[in-house]
Amino acid sequence: MVASAPPVLALRNICRDFFDGRQLRRVLQSTNLNIYAGELTILAGPSGSGKTTLLSIMGTVLRPSEGRIILKGRDITDVSDEQAATLRLQEYGFVFQQPLLIEGLTTQENVLLALGIQGGRVSPECRHRSVEILTSLGLGDALHLQPRLLSGGQKQRVSIARALIKNPSLILCDEPTSSLDAENGQLVMEILKGIAVQENRVVVVVSHDARVFPFGDRLIKLENGQVVSDTRGEPVPPSES
Amino acid sequence: MRSLVAWRLLLHDRSSTAGVLLGVVAIVFLVGQQLSIYFGLLNYMSVLVDHSGADVWVMSSRVTNVDAGGLVSVRYWDRLVGLPEVAWVEPILIGTGLFRKPDGGFEQVRVVGVRQPRLAGGPWAFFQGDSRALLDVENITVDRLDLEKFGQPPLGSLTEINAQRVRVGAINEGARGFQGTLVFGSLEKVKEIAGTPPGRYSALLVKFAPGVDHTQALQRLQALLPNLTVMSTAELSRLTRNYYVTNTGIGGSFGFSTSVAVLVGVIIIMLTMYASVLNRERDFAVMRALGARRRDILVLVISQALIVSLLGLLVGFFLLALFLNVVRGSTIPSFMPLVVPPLHAGVTVLCSLLGSLLAVRQALKAEPASVFH
């Protein structure tokens with residue numbers, strides 16, 4: 001199944017090195033991937049396989065040591081820190097392993113923070129949209145609650161709402177179910193699947209939990225910093241870089 | 001949105017907010033009360049000059065402060081009073097003496113002799129009685145706040161200064177000296193007390209006629225009396241204050257204590273804000289991952305510092321106002337020139353910003369990648 005639409009995100013010969021205090025260690029080998037909208041992509045692999053590093057590079061929070069990142073046809077590899085932040089604001093939504101909500105802000109304010117973090121007033125339309133999103137995620141009664149009063153599952157749904165409020169092209173999720181029980185984990189994955197398929201967005205989920213694999217449209221496995229299998233089976237020639 | 005987040009975080013992190021607030025209040029109050037006492041003492045130093053009502057003081061040559069002049073001959077009075085620029089010239093005589101208290105003890109005083117009927121250089125505000133008391137050559141006036149030192153002599157009571165009979169004719173207010181307790185009397189009485197040779201005074205006070213250019217008139221007087229100090233009242237006041245500030249160690253003492261208060265406040269602000277940012281480091285990383293630029297984090301932390309400093313200014317100035325109200329009219333010198341509070345507020349805000357620098361530095365270190373495990 002090869003998509004006819006161009007990839008939203010393309011990685012070309014992406015490598016990443018880390019200095020461990022004594023020597024430079026390559027944690028991500030040369031990786032080529034095309035990521036498409038409308039499907040839920042799962043990055044799987046054992047701990048230390050490089051999946052979170054790959055996700056961080058996709059999300060522009062980490063720079064690759066080598067290779068190029070192309071977002072919607074634009075090479076964003078060498079953008080400045082400021083430009084990368086603005087890209088994250090405009091194009092990306094994140095769901096972290098822990099919900100990482102800001103204590104002191106209400107549920108709704110946590111969601112709106114993703115819009116107003118670069119300053120300026122949040123419009124009434126955006127406020128209305130935040131209510132709609134939170135309500136659709138079953139949090140209509142929790143708009144004005146502090147995060148500490150929410151359950152783990154509710155918090156994670158708030159973090160999904162925080163990712164959705166920006167109407168992003170890509171939603172990157174790092175182990176979104178690892179801190180949840182089975183029931184809440186399944187609920188979160190169903191929501192993410194819906195976002196990918198029904199809203200035609202890129203959703204990439206990093207997970208080593210086999211229970212989430214059935215939700216994926218595409219499963220990419222990494223080991224020792226290398227892609228070892230990809231259910232899409234799409235060859236990406238290195239010469240494209 | 002950033003200001004709202006800054007405010008919400010401050011409300012949530014109550015203990016650290018209270019710590020920073022304490023630092024700001026410490027700066028506002030401690031520095032404020034030090035400054036008020038300092039300015040109160042400055043007023044004491046030049047109190048006679050500032051309330052003389054004269055435009056110019058003529059004193060002996062090379063005067064460094066109002067209390068350290070030699071005697072001036074009365075013949076200069078004759079030369080000055082005939083000038084068209086001059087409205088009046090009044091002599092003033094300042095000496096020292098020992099005031100005999102009702103219990104038989106003594107109190108050292110500075111006696112200030114002024115001439116009737118104008119009484120220039122004399123007391124300007126009264127608690128009991130009025131300036132007419134000094135029309136009686138035997139009468140003296142003492143300050144309300146010095147009554148206890150004098151053993152609470154009743155109005156009209158007789159006593160001695162330097163074995164010269166005097167009567168407490170009125171109780172004045174606001175005339176407390178830096179160098180000694182001030183007692184006002186008639187020129188004749190003070191001559192007796194101080195044993196001054198005839199025809200000699202401590203200074204001649206000159207008032208210019210209305211419409212006269214003070215600068216030109218002052219220059220003319222200086223040219224006319226080259227062997228004397230001819231100085232405007234404002235200049236003599238400044239010179240006197242400078243003399244005491246630099247020669248008594250009072251400037252260094254207050255400068256040091258004020259600096260310590262500022263330093264303590266800045267350190268409290270710095271450590272508390274730093275600890276607060278450390279606790280919020282993960283949140284700043286989340287914000288960075290969500291799309292906050294470094295400058296957005298900077299704005300957030302600076303907004304927090306500004307909000308707390310404004311709150312601290314409110315609380316600190318309220319406490320300072322209470323302090324000034326309590327000490328007003330007491331033996332504790334206090335005075336707050338109108339120009340000081342805005343300057344003080346500005347410096348306090350700067351201190352808060354300075355205190356937040358360490359926190360800003362830490363907050364800017366938050367890496368968005370750290371939110372991925």
Side-chain angles (χ1 to χ4, degrees), chain A residues 47 51-63 80-94 96-106 109-110 112-122 126 146-148 159 162-163 165-166 168 172-175 178-179 206, chain B residues 1-21 272-273 275-304 306-308 359-361 363-373:
Chain A
S47 182
K51 54 188 188 303
T52 297
T53 301
L54 185 58
L55 189 79
S56 302
I57 290 170
M58 285 180 180
T60 74
V61 295
L62 195 64
R63 288 179 184 279
S80 66
D81 273 0
E82 299 276 284
Q83 289 169 324
T86 303
L87 268 178
R88 290 197 294 275
L89 184 74
Q90 292 169 347
E91 301 287 354
Y92 290 87
F94 293 99
F96 309 112
Q97 186 171 359
Q98 302 292 328
L100 299 184
L101 303 179
I102 311 289
E103 288 292 343
L105 302 183
T106 64
E109 286 166 349
N110 261 287
L112 291 172
L113 176 69
L115 286 174
I117 194 62
Q118 284 197 1
R121 290 173 65 89
V122 176
C126 290
Q146 290 285 321
R148 66 188 151 78
S159 78
R162 184 172 62 185
I165 187 73
K166 296 188 285 186
L172 307 182
C173 313
D174 183 27
E175 308 270 10
S178 68
S179 61
V206 160
Chain B
M1 187 72 192
R2 289 177 302 200
S3 308
L4 174 76
V5 173
W7 173 246
R8 286 273 200 263
L9 297 190
L10 286 174
L11 282 181
H12 187 262
D13 303 338
R14 287 191 190 91
S15 56
S16 57
T17 302
V20 181
L21 201 58
T272 321
M273 280 201 78
S276 172
V277 164
L278 277 185
N279 287 336
R280 287 279 184 184
E281 210 167 3
R282 196 197 60 177
D283 290 341
F284 289 124
V286 170
M287 290 179 205
R288 291 274 286 127
L290 292 179
R293 299 157 296 186
R294 286 186 197 279
R295 77 177 100 137
D296 298 315
I297 301 298
L298 177 75
V299 168
L300 191 61
V301 179
I302 294 292
S303 298
Q304 287 187 307
L306 286 177
I307 290 169
V308 179
V360 165
R361 192 165 162 266
L364 291 180
K365 281 184 186 170
E367 280 297 329
S370 67
V371 297
F372 290 103
H373 299 281

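Below, read A as the first sequence line, B as the second, and so on, with proteins coming before strands; counting in each chain starts at 1.
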How many angstroms lie between atom [atom1] of [X] and atom [atom2] of [Y], to the nearest 0.5 angstrom?
| X | Y | atom1 | atom2 | value |
| --- | --- | --- | --- | --- |
| B:D296 | A:E82 | CG | CD | 7.5 Å |
| B:L290 | A:I165 | CG | CD1 | 12.5 Å |
| B:E367 | A:S56 | CD | OG | 11.5 Å |

(message) Can you tell me which of A:V206, A:L172, A:L113 forms the most heavy-atom pairs within a distance under 4.5 Å of chain B?
(response) A:L113
Is [X] in contact with chain B via its backbone, its side chain, both, or neither, using a 4.5 Å heavy-atom distance?
| X | value |
| --- | --- |
| A:F96 | side chain |
| A:L55 | side chain |
| A:Q146 | side chain |

(message) Testing the basics here: between B:R293 and A:A85, what is the closest heavy-atom pair and its distance to 0.1 Å?
(response) CG-CB, 3.7 Å
(message) For a quick test of reading the model, state the closest non-hydrogen atom pair linking A:R88 to B:P368 and the distance between them.
(response) NH2-CG, 3.9 Å
(message) Within the structure provided, determine whether B:V286 and A:R162 are in side-chain contact (heavy-atom separation under 4.5 Å).
(response) yes
(request) Could you check if a side-chain atom of A:I117 sits within less than 4.5 angstrom of a side-chain atom of B:V5, using non-hydrogen atoms only? (result) no
Go through the atoms of [X] and report whether side chain, backbone, both or neither lie under 4.5 Å from a heavy atom of chain A.
| X | value |
| --- | --- |
| B:R288 | both |
| B:L9 | side chain |
| B:R282 | side chain |

(request) Would you check if the side chain of A:Q118 reaches a backbone N or O of B:G291 as a donor-acceptor pair within less than 3.5 Å? (result) yes
(request) Test side-chain contact (heavy atoms from CB on, under 4.5 Å) on B:M287 and A:I102 and set out the steps. (result) CA-CA 9 Å; B:M287 290 179 205; A:I102 311 289; 4.0 Å; yes
